[in-house]
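Within every chain, numbering begins at 1; the chains are lettered A, B, ... in the order of the sequence lines, protein sequences first and strands thereafter. What you see is a predicted model, and the numbers here were worked out from it, not measured in a lab.
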There are 2 protein chains.
Amino acid sequence: MTEATRRERLRAETDREIRRQARALLVEHGRDAVTLRAIARELGITAPALYRYYDSREDLLHHLADDICTDLAVELNAGLVDIPPDDVTAQVYAVCRGFRRWALAHPQEFALVFASTETTLGTCGPDGRSQVGDQFGRVFLEVAGKLIASHPMPHDRGDRVPAELHADLEVFQQVLVDTVNQRGVAVDTGVLDLYAVYHITQSWVRIYGHVALEVFGRFPFAVANPEPMYDSMLAEILGEMGFPTPPP
Amino acid sequence: MTEATRRERLRAETDREIRRQARALLVEHGRDAVTLRAIARELGITAPALYRYYDSREDLLHHLADDICTDLAVELNAGLVDIPPDDVTAQVYAVCRGFRRWALAHPQEFALVFASTETTLGTCGPDGRSQVGDQFGRVFLEVAGKLIASHPMPHDRGDRVPAELHADLEVFQQVLVDTVNQRGVAVDTGVLDLYAVYHITQSWVRIYGHVALEVFGRFPFAVANPEPMYDSMLAEILGEMGFPTPPP
DNA sequence: GGCATCGGTGAACGGTGTTCACAGAGTTGA
DNA sequence: TCAACTCTGTGAACACCGTTCACCGATGCC
């Protein structure tokens, strides 16, 4: 059964260990502490050996970012298992709160994945291939998709979104519909008007904005109690989509 | 008149040159390229000499961040001079668009100032003293303040914001009122209800969120035309505050 | 003028990413 | 079985980096 040769197994194990130690260094001492030599030291090998696994430090950081996205997706999905499948509102709360909780608990990872310029973390983003937040984005998209599928949109309000945005939003609309369909729920493009797509985009702007501001401490005043502010924002977002505000 | 001694003048000149070169390195090659030795090399001096001016590399980066905030404030203010003083809506557009334009043109500076964790850029943020975005924040606060002073708020809607937020928002409320008063416009705390303060906070969340997402390329889909999306968001924000939507 | 202070130097220490020739173990095929 | 080959790791080396320290010359002050 185990087709893998001995060498392949050892290699895979070493690779996992490299990422594990790199991750630990990132968490405990920040991005600049993720050093090839430090990683090698922890593994009891020498730094050049790491080049058998990654092209460069930057390459390693890139793979690390991918790992982080995957783990975040797993964590967000795990927080979803106790929610009744038909209570989409509760699912939205769970995912959004999970995202904030994770970001605050893992600020270094958050900064690496969600606040890195192209020059400091290779080419990524949704322009070309291999977008960093791919695995992670899927979680959000799925919940957003379910939200749509479960809820009849008020009615056609496409004319409320500026014409210049139509092209972009239609792309995202297709992504959303595809994501939902991929989960087995058959949905037509028609149920998701452009204004809803626009609103989802704006929701991501607000969720990301709040979390990043909190992680980086850039609110314009000292917020002693950010959690109810976040919850209030979520309630507002859901309210604008026609959902009632549930308890925490 | 020139009280400064020769040594002091030379010192000030060297200091300016240090920051200038550090800034150039940051802009052109990113944060990691801001190296004491590289700066010294450009100035024709040796690296240890820089320790006569800054305690460490981190200290220099911190001062650099302050400079950037000041410059950004100057730039935003400069974009305000051509706007009629009574057209507050136009002022809001000018400042918000200026912020986005600056961030996109200076991604490295934006990342340093607005997306740095405490461990990577010393202690800052609105918790203790010397908040990084102080100079910059003032510009936004001023415009927001004018917006309020010039516009009668609908009416008391303080009950629409959750009780847990009242304490935090009251602090910000006072900051806003003080900022406006400091500009000569006498304003009472009464004209600015808590819901308006909450809305201003949310506006900052959205503005920051959109700009950061765009700078870091983390929108969930490839946005080919982000500018109208930003403008549309601004119009929405202003609309929710009871302002009409003006042309660009 | 004497003297303290300030700004800059050069050497040094320990750290970094990266390259390269080399060695040893694992694998493969005749 | 054993030679050939591939893969993983090594050690030395290069060019950088932040930081410390003793030293030195010019500047400024009494």
Range on DNA chain D touched by chain A - first to last nucleotide, heavy-atom distance under 4.0 Å
D/dT6 to D/dA13
Find the distance [X]:[atom1] to [N]:[atom2] and express it as a whole number of Å.
X	N	atom1	atom2	value
B/Arg9	C/dC6	CZ	C1'	16 Å
B/Tyr54	C/dG7	OH	C1'	15 Å
B/Leu50	C/dC6	CG	C1'	15 Å
B/Arg57	C/dG15	CZ	P	18 Å
A/Asp59	C/dT19	CG	P	12 Å
B/Arg37	C/dG15	CZ	P	15 Å
A/Leu60	C/dG17	CG	P	10 Å
A/Arg52	C/dT19	CZ	P	12 Å

Across all chains, not counting sequence neighbours, the ring-ring contact (aromatic ring centres under 6.0 Å, His included) partners of A/His106 are A/Trp102
Taking the six-membered ring where the residue is Trp, are the ring centres of A/Trp204 and B/Phe221 under 6.0 Å apart?
no
Counting only side-chain N and O atoms of B/Thr14, is one of them less than 4.0 Å from OP1 or OP2 of C/dG7?
no
Any donor and acceptor pair, going by atom type alone, linking the side chain of A/Tyr208 with main-chain N or O of A/Phe114 inside 3.5 Å?
yes
Test of understanding: with salt bridge (charged side-chain N to carboxylate O under 4.0 Å, His left out), list the residues that count as partners of [X], not counting sequence neighbours.
X	value
A/Arg16	A/Glu13
B/Glu214	B/Arg100
A/Arg57	none
B/Arg20	B/Glu17

Those residues at least two apart in sequence (or on a different chain) that pass side chain to side chain contact (heavy atoms under 4.5 Å, CB included) with B/Arg41 are B/Arg37, B/Ala38
Considering every strand and a 4.0 Å limit on heavy-atom distances, what is the contact class for A/Tyr51: base, sugar-phosphate, or nothing?
base
Both A/Arg11 and B/Leu36 contact DNA chain D. Which one's nearest nucleotide lies toward the 5' end?
A/Arg11
In residues 40-48 of chain A, which residues come under 4.0 Å of DNA chain D by heavy atom?
A/Ile45, A/Thr46, A/Pro48
Under the side chain to side chain donor-acceptor pair (under 3.5 Å) test, which residues partner B/Tyr54, sequence neighbours left out?
B/Asp15, B/Arg19
